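Working notes, structure below.
Keep in mind the model is a prediction, meaning the values are calculated, not measured. Below, all heavy atoms of this structure are taken into account, side chains as well, without hydrogens, waters or symmetry copies.
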Amino acid sequence: MAYWTVEELNTMVNSKRENPRISWDTIACMLNYRHTSSACQQRYNRDYAPPLPGSWNLVSRRLICKMRSRIPPSSWRDCARAVNNNISNCQRFMLNYATEKELYRGRCDAESEALHGLLPQRIQEARRQGKLWTNDETDVLISCRARGYPYIIPALLLGRSVSSCSSKYYRIKNNI
């Protein structure tokens, strides 16, 4: 493990402050790979990153990235309500804290919603965690899959998640 020099720390901090979206791999390259990208990220987050006020769990981070990736993007007011935070913190998060992976997943989720014609409210209402499958629900799942529908269709019809439908269908198919 290499020690950090003052020049390396200055390069890392100044690069991140000048361009918040710069990747950690690029910063590691600027340091001639003397430190790995994850080491750069950990050091910056531990010692130099200003804290983001409010609660920002993974679900909130992904939700705001998805909402701002929609066409047209959701308003900042709607985003703030959805993640239970204020508008300025949401804007700061998107500008300074959202990672490329979160932005990419947000774009993919927004495109998937647009492709399947899903509204965010229907997805939120579709959660039925911990409920046992009824025979009628199982029949709907089997008939949808027999027609070649993707798992998202029976998930919306039944108010279940896509992963719940796919795992149930797997169990039915393999008699588990």
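No side-chain heavy atom of Ser69 sits under 4.5 Å from any side-chain heavy atom of Leu103. Side-chain contact between Tyr48 and Leu9: present, with at least one pair of heavy atoms (C-beta onward) separated by less than 4.5 Å. No side-chain heavy atom of Thr99 sits less than 4.5 Å from a side-chain heavy atom of Tyr104. Met30 places none of its side-chain heavy atoms less than 4.5 Å from the side chain of Met12. You'll find the side chain of Trp76 reaches within 4.5 Å of the side chain of Met94, heavy atoms only. Contact of the Phe93 side chain with the Val83 side chain is not registered, since no non-hydrogen atoms from C-beta on lie closer than 4.5 Å.
Between the side chains of Asp78 and Ser75, at least one donor-acceptor pair of N or O atoms lies under 3.5 Å. There is a side-chain donor-acceptor pair under 3.5 Å between Asn89 and Asn85. When only modelled atom types and interatomic distance are considered, Asn57 and Ser60 share a side-chain donor-acceptor pair under 3.5 Å. For Asp25 and Ser23, the side-chain atoms include no donor-acceptor pair closer than 3.5 Å.
Nearest approach of Ala80 to Cys90, heavy atoms of both residues: CA-SG, 3.6 Å.
Summarising the local packing, CG of Leu58 is surrounded by more than 12 heavy atoms from other residues, nucleotides or ligands at distances under 6.0 Å. Surrounding CG of Asn135 are at most 12 heavy atoms belonging to other residues, nucleotides or ligands under 6.0 Å away.
If you take OH on Tyr149 and SG on Cys165, they are separated by 14.5 Å, rounding to the nearest 0.5 Å. Here the NE2 atom belonging to His35 is positioned 6.5 Å from the OG1 atom belonging to Thr5, to the nearest 0.5 angstrom.
Judged by distance alone, the side chain of Glu137 and the main-chain N or O of Thr134 form a donor-acceptor pair under 3.5 Å. With hydrogens and angles ignored, the 3.5 Å screen pairs a side-chain donor or acceptor of Arg21 with a backbone N or O of Ala98.
The distance between the ring centers of Tyr44 and Trp24 falls below 6.0 angstrom.
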**Message:** Does Asn86 form a side-chain hydrogen bond (donor to acceptor under 3.5 Å, both in side chains) with Ser88? I'd like the steps, not just the answer.
**Reply:** CA-CA 6 Å; Asn86 63 37; Ser88 63; 3.2 Å; yes
